[in-house]
Every structure is written in C-alpha cells, then in structure tokens.
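Hydrogens, waters and symmetry mates play no part in the numbers below; they use all other heavy atoms, side chains included. Below, chain A is the first sequence line, B the second, and so on; all start at residue 1. These numbers come from a predicted model, not from an experiment.
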Protein chains: 4
Amino acid sequence: MQLGMVGLGRMGADLVRRLMRHGHRCVVHDIQPATIDVLQNAGAVGAASIDEMMSLLESPRILWLMVPAGAVEAALADLWPRLAPGDIVIDGGNSYYRDDMKRSVELSGKGIHFVDVGISGGTAGLARGYCLMIGGEEDVVVYLTPLFTALACDAHDATEDTGKHATHDIGLPTDSNAPTAQSGYLYCGLHGAGHFVKMIHNGIEYGMMAAYAEGLNILRCANVGTQKQEVGAEVTPLRHPEYYQYTFDLADIAEVWRHGSVIDSWLLGKVVEMLRTDPTLARFAGRVSDSGEGRWSVEAAID
Amino acid sequence: MQLGMVGLGRMGADLVRRLMRHGHRCVVHDIQPATIDVLQNAGAVGAASIDEMMSLLESPRILWLMVPAGAVEAALADLWPRLAPGDIVIDGGNSYYRDDMKRSVELSGKGIHFVDVGISGGTAGLARGYCLMIGGEEDVVVYLTPLFTALACDAHDATEDTGKHATHDIGLPTDSNAPTAQSGYLYCGLHGAGHFVKMIHNGIEYGMMAAYAEGLNILRCANVGTQKQEVGAEVTPLRHPEYYQYTFDLADIAEVWRHGSVIDSWLLGKVVEMLRTDPTLARFAGRVSDSGEGRWSVEAAID
Amino acid sequence: MQLGMVGLGRMGADLVRRLMRHGHRCVVHDIQPATIDVLQNAGAVGAASIDEMMSLLESPRILWLMVPAGAVEAALADLWPRLAPGDIVIDGGNSYYRDDMKRSVELSGKGIHFVDVGISGGTAGLARGYCLMIGGEEDVVVYLTPLFTALACDAHDATEDTGKHATHDIGLPTDSNAPTAQSGYLYCGLHGAGHFVKMIHNGIEYGMMAAYAEGLNILRCANVGTQKQEVGAEVTPLRHPEYYQYTFDLADIAEVWRHGSVIDSWLLGKVVEMLRTDPTLARFAGRVSDSGEGRWSVEAAID
Amino acid sequence: MQLGMVGLGRMGADLVRRLMRHGHRCVVHDIQPATIDVLQNAGAVGAASIDEMMSLLESPRILWLMVPAGAVEAALADLWPRLAPGDIVIDGGNSYYRDDMKRSVELSGKGIHFVDVGISGGTAGLARGYCLMIGGEEDVVVYLTPLFTALACDAHDATEDTGKHATHDIGLPTDSNAPTAQSGYLYCGLHGAGHFVKMIHNGIEYGMMAAYAEGLNILRCANVGTQKQEVGAEVTPLRHPEYYQYTFDLADIAEVWRHGSVIDSWLLGKVVEMLRTDPTLARFAGRVSDSGEGRWSVEAAID
C-alpha cells in the first residue's frame, strides 16, 4: 500500500523502514528537512510540505501521524482543510483515548476515517516487529491489514522470540478466533480502543519497572549491616546488622533470572543490558518524563 | 555425581528426573512410599528410610532437601545424628535465609557443609531447566557444579528460550565474569545468600503479578459505562459513562502483548494460557497461600 | 434574614433549626410533606411547592439547596424559570466543585448569584455549630454573613470546645487577618472554592479514619500468637508467636488516647463512642457508600 | 511517693516538675550536670552519680528511666549490680516492646520489677498532663498509681480539654470498668503492653500527619492551572488548567477546620500554629528522624 508518514522521529522513521522492507510505498514529511533526506535515501518519497504530501498520495489517502501527543491537535488542524471524504488518518502516537473519540467524530463529519494505533516495541521493533493495538471502524482497520502485518511482530518473527514458545511450551491449540493477536496486531474495538489498551499496557509496564527496581534496590542495600550506623536519641538503629552482610552483583543476578526463572521478561533483558554497561546507573537522571499513560490509568482505575 | 533427594513432591521429583537425564545417580526418599516407587521406575534408587538412604550414599554424602519450609527443621533433626563430617546438606526449598544462617552454623560445628539453593522455574523447569540462586561456602558450591549445570536452564536450552535472544537482540559481548549466570545458576554469596536472592525474586514476581492483574482488571471493567448505575443520596455516579463503552477480550489482548511488546514475559505467557482455558478465572479461588517471601521482602525493605 | 430551604433531610432540618435559633426566618420545602410539618411546628413557614416557596420569599430571594449531589441538577432546573435577577442560590451539599463552576456561569447569565458551601459537623453541628467553607462572589458571600455566623461553630461555642484551647494552649496572638476562620466559617475563593476545600477536607477525613482503623486492627489482632496456626506446605507460620500474646481492650485504649495524647481528635471521640456501645462493631456493614470526595481528591492529587 | 529519675532531657525534666507539683519527691540524675542543677533549683534532690542516687532512694526503690531507646540497655547495665530485690525499674521512653519482654525476664531473675510506660503529650503535657500506656505486673502497676495519676491528663485537667466533652457531647454513661482510661492512664497488660500500644499510637499519628500533609499539599497546588506548563514530546500537559485556579490560604483553612469540623484534632492545632508562624514551613527540613515506631508498626501489621 501507499501511505504518508507525518513525523519522522525515531519511531516514525523506523515504521517507514519496516513498511518499505515489506514492499509498501511511503511518502514522508517532517518539520525537520534533514530527517526527510535520510529516509529519501532509504527509498521513501520526500514531501517538503503537507501540501506536497497530499498531492503525492493516491485516493483514498492514508495518513499516519507519528508526532508527540501534544502536537496531534495542530497536525490535524493542518490536515483538515486538505482532507477529502474517504481519506484515512491514523494516529500512531500516545494520544489520550478520549481525544480519539472527539477527533473521530469531528473527522467523520467530513467523511474521513480515523484509526488509533497504540504501538509497543521500542528500538527493537524495527528488527523484530511491533505489538499493535488498534481502534476504529472495523472495516477500515481490515482494509489496512497489509500495513499492520508488515509492522507487527508476526509469526515468522515469533519463531525467534518468546511468542512461539508461549504457545508451544504450554501446549495450546491454535485459537482460530484470535489469529491476528498471534500475529502481533489486534483490532480492539471502536475509536479510542487502541489507545485505551496501550494506556493500560504502559500502566502495567510502570508497575513491572517498579517491581524490578524495588527488588533490586533491596539487594543493592543488603550490605547495610556492614556500614556504620547513625546514632542518636531520635534514631533507632538497625536491630540485626548480622542479617545484612551480603554484597550482591546486581548484573549477575538479573542475568541469572533471565535463564529459566518465572520473572524473566523483555524488560529484565533491558535491566541486564543497563547494569552491564552502567553498573551504578550513573547515566540515569532518576526521573522520567510523564507522557500521561500512568496518570490516565489511575484515573480509569478510579472510575 | 550421586545424591540423595529427600522430598519427592512435584519439585523434588522433577529435579530427580532432570538430574538423571544428565547422568547423575539419585537415591530418593519420601514419607509417601508411592512417590518413591514412581521414581524408582524412572531409574532412581529408592530408600524406604533415612537410614537406608544414608547407607546407600557414598562419602562425602550429598543430601538435597526438597520439603516445605516448615518441615526443614524436623528433617534436619532427623539427619543430624546420621551425618558425618564432610557431608553436604542442600536446602532447595523456600526457607527463610535467617534460618540458613543459623543452620549452617549448627552443622558446621560437626564439620557438615550447608548450601542453600533458591529455585525458580515451576512446572516448565523439567523441560527447559531451572534458575538456581546459590549460597554457602564457595568451594563447596564449586564442588557441586555438575549438579547445578544439570539442573540449570543452560546455554543449550536458552536457544529455545528468551535467554539467547536477550543477549543477541541487545548485542551484548560475552561477559567473562559472569559465565555461570548465563548458564542459569549463580553463586550469590555466603550462607543464606541463595534464599535471600530467591526471596526478592518472589517479591518481584508478586509485584509483576499485581501489575498484570490490576491492568487487566481495568480492561475487564472498561464497559462499566454500559451498565446501570446505583443511584442514591450517598453515591456519586460515574461522571462520564461515555468513556467506558469498550468490551475487551482479555485473552486476545494478553496474547497480542506476547508479540513484540515491552511487557512480554514468562508470566504473561501463563496469563494467556489461563485466560484461554478459563476466561473468567472461575477455577481460581482469588487467594494464594502465603509462603512468606512477600512478607519477608517487605521486612527487608523496611530494614 | 429570610431564606428558603429546599431539602429537609437530617442536615437541612438541623440548619433550619440553628438558623431560627439565631432569629432568621425560614421558608421550608421538601418532596416529603411530613418533614415540612415537623419544621413548621418548630417555627418555620412551610411551602407545599417550589412555586409557593418562591412567592413567600422577599426579593432578592435566598434559596438554600440541601439535597443529594445527584439531585442538585434537577432542583436547579426546577428553580431556573422561577428565579429573578438578584436572587441567590446556595448549594450546601457535597457537589463536585467543577459543577459549581458550570452552574455559576449558567446562573450568572440570568443575573442570579451562586454560592457553594461545604459543611462539616455532622449530627453534633446543631448544638455546637458547623464548619463552613464558602465559594462564590465575595460581595455576595459578605452579604450572607448573618447566616454564616448563625450556623458556624463561633467563638462562644468554641469555649466549650477545642477551638478555644487550640489558641490558648499554644499562645497564639489573635490574627486580625483571619477573624472569620476563628469564627468557624471562611470565604475560600471564587465559585467552587468552598466545595474544593470540603472535598479535600473529606479526603483528609478518610485518611484519618484509615489510620485509626489500621492501628486499632493491629491491636485487635495482638493476640494472634495465642491462636492455633494453619500449617501446610504453602503457608509460613508466624515466626514469633511469643510477641503476640496481648489481649487489648480497644475501647479503653481509644479512651485513654482521648486524654492528653497527640492523636486525640473529634473522630477519636466517635471511635470511643462506637467501641463502647458496639465493641465488635457488629452493627457496621464494613463498607461505606462513595459520595465522591475521596475519588475526586485522588484525581486532584494526580492533576 | 519518692522516685529516682534518670535522664533529664525535655521529657524527663517535665515529668519531674509535674510529679513534684503533685507532692512527689524526686531524686534526679543525668550525665549532664547542668540539667541536675536546674531541677535542684526547682525542688528536686540532685544525685551526681548513679551510686549517689541509689543511696538516696528508700527501699523498695523506684527508678524511672527517661533516656533514648538506644541508651536503655547501657543504663540498665549500670543499674544492674546496684539493684536489690523488690526494686522497680520503669522505662518511660520509646523502647521496642520486645526489648521490654527480654529485660523484664532478666530483671525478674533477681527479684526486680520492670514496668514499661508509653507516654504521649509532648511539650503540652507539663501543663495539661500526659496520656500514659502502661505494661507490667498488674499489682506493681497498681502500687505506682499515685505517680500515674499525678502525671496523667486526668478528670480535672480534662474539664479544660476535649476529654470531658468527648463524654458529655455524646451522652455516654460513666463506664465503671474503665475509670483509669478516663483519668488519662491505662494498664494495658503484661510486660511490653505499654510500649506496644504506644508503638501503634505513633503509627496512627504518622498516618494522620500524612493525611493532613497530603490534603494541604493539594490545596497548596490548587493554583497549578495558572502556571506556565512544561511543553515537550515526553510530557503531557494538565488537561484542564481551568479547574486549578484557586489560591488558598492554608493557615485560614486549617484554622476554620478547628471550629466544628469532623477533622479537628490536637495535631490540627499544631498545623495551624506552624502555618501561622512559618507559612511556607521554611524552618522545616522536610525529613524526620526515625525513632522506630513506624517501622515496627508495619512489621506488626505484617505479622
């Protein structure tokens, strides 16, 4: 298929590369011209402006937005006067699902289709494929299937990954009702469903990161009994320093957990990688920017 | 090597089977004679009593206890008068590491070595190997290496598992300092170190289970806006039912996360398996017995 | 002053009684005629309908809504066509402050003033006065001062309460900038400010209730070491039953904390009362209806 | 009665003063001679050494330790050879109740009685009396009653405090079974019971402090919608700044809650005092030393 990608950051560029590997034709645009050049050299058609992009796309046009959540509204305003009935706009970023609901209504008023796609996979996705959580009108999503199968961490990739083993190890019959889930993409429901599932996905990710971090931190401090303690009227000392005399190698421990343990995971692989290259995590700031999925997950939990 | 296994429950029996596959000779005992027969048919030498087991083992004897944590004290009391200097006792259960410390001191007074081994892997371990976290005297642990390599989820198994890909995907050089971690077993430090690391391992596991459970539960309830709400002076209704109109298939969502997502894990594979075979989890009681590692992890965190 | 009270439940009826004690004239209405009769006997003027109430009130009319949060919208719709410019509507319930904002804008379009009042004090308020947190246009709130001073737990009441001692005990100078706070009512800011402060007040209340409940529950279970424990492979027993041999009288302990302790509070007084009359709290269901302030406080914390 | 006070810090000195006001005779000692002089001027008998103190006390001697928890062990070792059968040692500090158990056994071996007293009241206690939670042998505690009634926030004090109103407001009958609780002291049970109840008391205190702090912090930030927000690809802005336009005066709000609200408490009085004298809490470090009761409460909850 042919599609136009707006936003050529790390994720947008990798999506274009993987789509082209599977034979799709990509028209690409970004506010930074240099990023266009790079992909043009890789086989994409560069568009210096939105107008040029629109003119290069065949009808019905497929436009994939891969911009920060805070920039989607402006990008849609830009596209709005240039879109024609039947065109399809895909938001592949981390937008709030409630915005998807609002935007899909606005666009449908002009006969334009809106699809929201939550994407997981990070930098590893280019090589092994992505996990895609999709919302919108079902027939539109089905129409776009060739794009999703190209991007997804599909059956072939899965033979090199945990996917296959999940099924084989536990002796599951092939589930005829969920073929696309096993191919790495899933139609989740109407507008916003893709980003809703991705929101919860990220909420789970943060919980897992907290579990690893808290556990490893206890191991890191398991030598606290060997250290001199603060003494004073207001501070109670550690009662049993003899129980905290261990000096653990966190990288080794994370590595051994990668082999046969029930807490093995993709994230644990990243933990090993980081602890091997930066054992005290000195390169890390100790804070993360808040793209919203955690907050929104908690609000959904309250509701 | 030759060893005696005391305790032939699910884990003990599987350990014996995997050890025998790798050429080790096992003398086996359990208070339930039927479990001895089963393993005898599989090639083990049955011992009807502890006395018989002791007489069948060559010196120095290696005794592996695979009994509930609450039964270790009694098992050790049983062994105590029958042990000779140089014998090695391995506790492979989920004992509290503080008990390891105490027991190692008691046994060392008679010249007996004590090794604590935390084991992760569950029912999948027989086929793919286990993750072993080991504490005790380092030379004794090195002496037992053939047993640990037989049991561990080693390099060969890892080609069928995530282990290999963890390394390959992230382009790590082989770490010459951590060869045993990559082979699925790790000497963690002095007495109790193995069970300490296993305790934290389980604490992390419970955190991960909570993250998956809470996230999936929000998805399960994402249709709450379609349901009739309680009305009354004391209850505030859901303000925006229009945002909760999704009916998600949890098994499909868990499955798609298995393919390329950053929250993929061995536990997520179990989640898929359970949701496929029991979509409402009706078979589950909604409670778990408390074997202690969670409580102890929190106490270590406080300390 | 003269005002019309709509809603004669427990709180509405007590407000009317306290207002009348201070010389204010009350026209009262409720959908349940019996509640009107009771207050009529106590000196109020009953109105069988909203229309009758409106005709009995002098201009500018002051209407005080004391209905469940879920019923405010309907009550306002009822009043809407009957209100005239200059009239004042007070919402004394537990409405969400965001609704106050919306409603104040709607009413101001017709020249009608809106005031939100968060009220704390419960059943004790009739006798000792209430704590009033007020939002709206400042001049309108000032105009209503006679009502607020009548209802508030003012200086005179405070001599019989903790209020006075708070000041005397800690040697505070009279703060000329906060005279109304010391009189038991406070203008907090524009529309919604009163209910915002009340929302957080309730969030704090729930936190305090949790602190008392969790602490008392530990005391209640401090005899756990005297009880027979569950034994089994999957359950780790209490390691030190000898440390949990106490049988505490919770009512006595709560009572002694009322005398000179730093955790003394009005809520602790209620705890004593309940534990004295119902030691096992058998009359309580173990759940509370959710009127929203807790949920909303958490969402405000996230924002 | 006559007693010897060891430890003349803030609490120890105030206890001596209050005991003397009620006619008790105090022999006082501290490692800092200056503190002895001050109390000697106030009517106490100074003892330059433990030996001197022991010689000045009549048999059976009553020794009250008011030293940091970490110094109790050393103080008891000092006393040990000088104590005679029948002597009574009282630990009035914040010792761990498990230490009380151990120490009472050790002392009883020599015929010496041990009493643990948890004390709440802080700097206000000298004037209004303290809340005393007491553990030990019941007959010994009864023998010491004159000391406890002198120190406690008793009925007379209570007329100036919340204690009386707690009873009067809620119409409770006098409970003949709990006369001492209403007098501000309570025999809680065998050795350690006093410090156990005090431990939980402090755990509750910390929970209440957290509730106030979290609630007030939300109010403090209720103007966040008026502030310029960080913008960027990784940060999701506040969705509804229009809902957070309030600028609240925290001292006024805390003050109004002191008048008739259900969250009124002694701690809230301290909050008002602090916010009045130091509105931004600039004098506070933002951390507290950890004297252990919080940690121990959590461990008791786990057990």
Which portion of [X] sits near chain A, non-hydrogen atoms under 4.5 angstrom:
{"X": "Glu242(B)", "answer": "backbone"}
{"X": "Met101(B)", "answer": "side chain"}
{"X": "Ile119(B)", "answer": "neither"}

**Request:** Using a cut-off of under 4.5 Å on heavy-atom pairs, state which of Gln245(B), Met199(B), Met209(B), Arg98(B) scores highest against chain A.
**Result:**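 Max contact count across the listed options: Arg98(B).
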
**Whether Ser261(A) side chain and Ser120(B) backbone form a donor-acceptor pair below 3.5 Å** =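 Not a single qualifying donor-acceptor pair exists.
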
**Message:** Using only atom types and a distance under 3.5 Å, with no angle test, would you say the side chain of Arg258(A) pairs donor to acceptor with the backbone of Gln182(B)?
**Reply:**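 Pair absent, no side-chain N/O of Arg258(A) close to backbone of Gln182(B).
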
Among the options [options], pick out the one with the most heavy-atom pairs lying under 4.5 Å from chain B.
{"options": "Gly207(A), Gly184(A), Gly203(A)", "answer": "Gly184(A)"}
{"options": "Thr123(A), Leu216(A), Val262(A), Leu186(A)", "answer": "Val262(A)"}
{"options": "Gly192(A), Gly189(A), Gly135(A), Ala251(A)", "answer": "Gly192(A)"}
{"options": "Ala210(A), Gly215(A), Ala193(A), Gly125(A)", "answer": "Ala193(A)"}

**Aromatic centroids of Tyr243(A) and Phe196(B) separated by under 6.0 Å** =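 No.
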
Within this structure, what is the [atom1]-[atom2] distance for the pair [X] and [Y], rounded to the nearest 0.5 Å?
{"X": "Ile204(B)", "Y": "Leu219(A)", "atom1": "CD1", "atom2": "CG", "result": "6.5 Å"}
{"X": "Cys131(A)", "Y": "Ile263(B)", "atom1": "SG", "atom2": "CD1", "result": "7.5 Å"}
{"X": "Ile200(B)", "Y": "Ile253(A)", "atom1": "CD1", "atom2": "CD1", "result": "9.5 Å"}
{"X": "Leu238(B)", "Y": "Ile302(A)", "atom1": "CG", "atom2": "CD1", "result": "12.0 Å"}
{"X": "Glu299(A)", "Y": "His240(B)", "atom1": "CD", "atom2": "NE2", "result": "10.5 Å"}

**Asked** Where on Glu205(A) is there a heavy atom nearer than 4.5 Å to chain B: the side chain, the backbone, both, or neither?
**Response**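 Contact with chain B is through both the backbone and side chain of Glu205(A).
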
**Item:** side-chain hydrogen bond (donor to acceptor under 3.5 Å, both in side chains) involving Tyr246(A) - partner list, sequence neighbours excluded
**Value:**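 In terms of side-chain hydrogen bond (donor to acceptor under 3.5 Å, both in side chains), with neighbours along the sequence ignored, Tyr246(A) is linked to no residue.
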
**Prompt:** So which heavy atom on Ile218(A) is nearest to which on Ala300(B), and how close?
**Reply:**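 Residues Ile218(A) and Ala300(B), closest heavy atoms: CG2-CB, 3.9 Å.
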
**Message:** For Ala181(A) versus Glu255(B), what's the shortest heavy-atom pair and its separation?
**Reply:**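 It is CB-CG, 3.6 Å.
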
**Item:** Validation row: Phe248(A), Cys188(B) side chains within 4.5 angstrom (heavy atoms)
**Value:**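 With C-beta onward as the side chain, the pair touches.
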
**Request:** Hey, could you give me each pair passing ring-ring contact (aromatic ring centres under 6.0 Å, His included) that has a residue in residues 197-219 of chain A? Not counting sequence neighbours.
**Result:**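 Sorted pair list: His201(A)-Trp257(B).
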
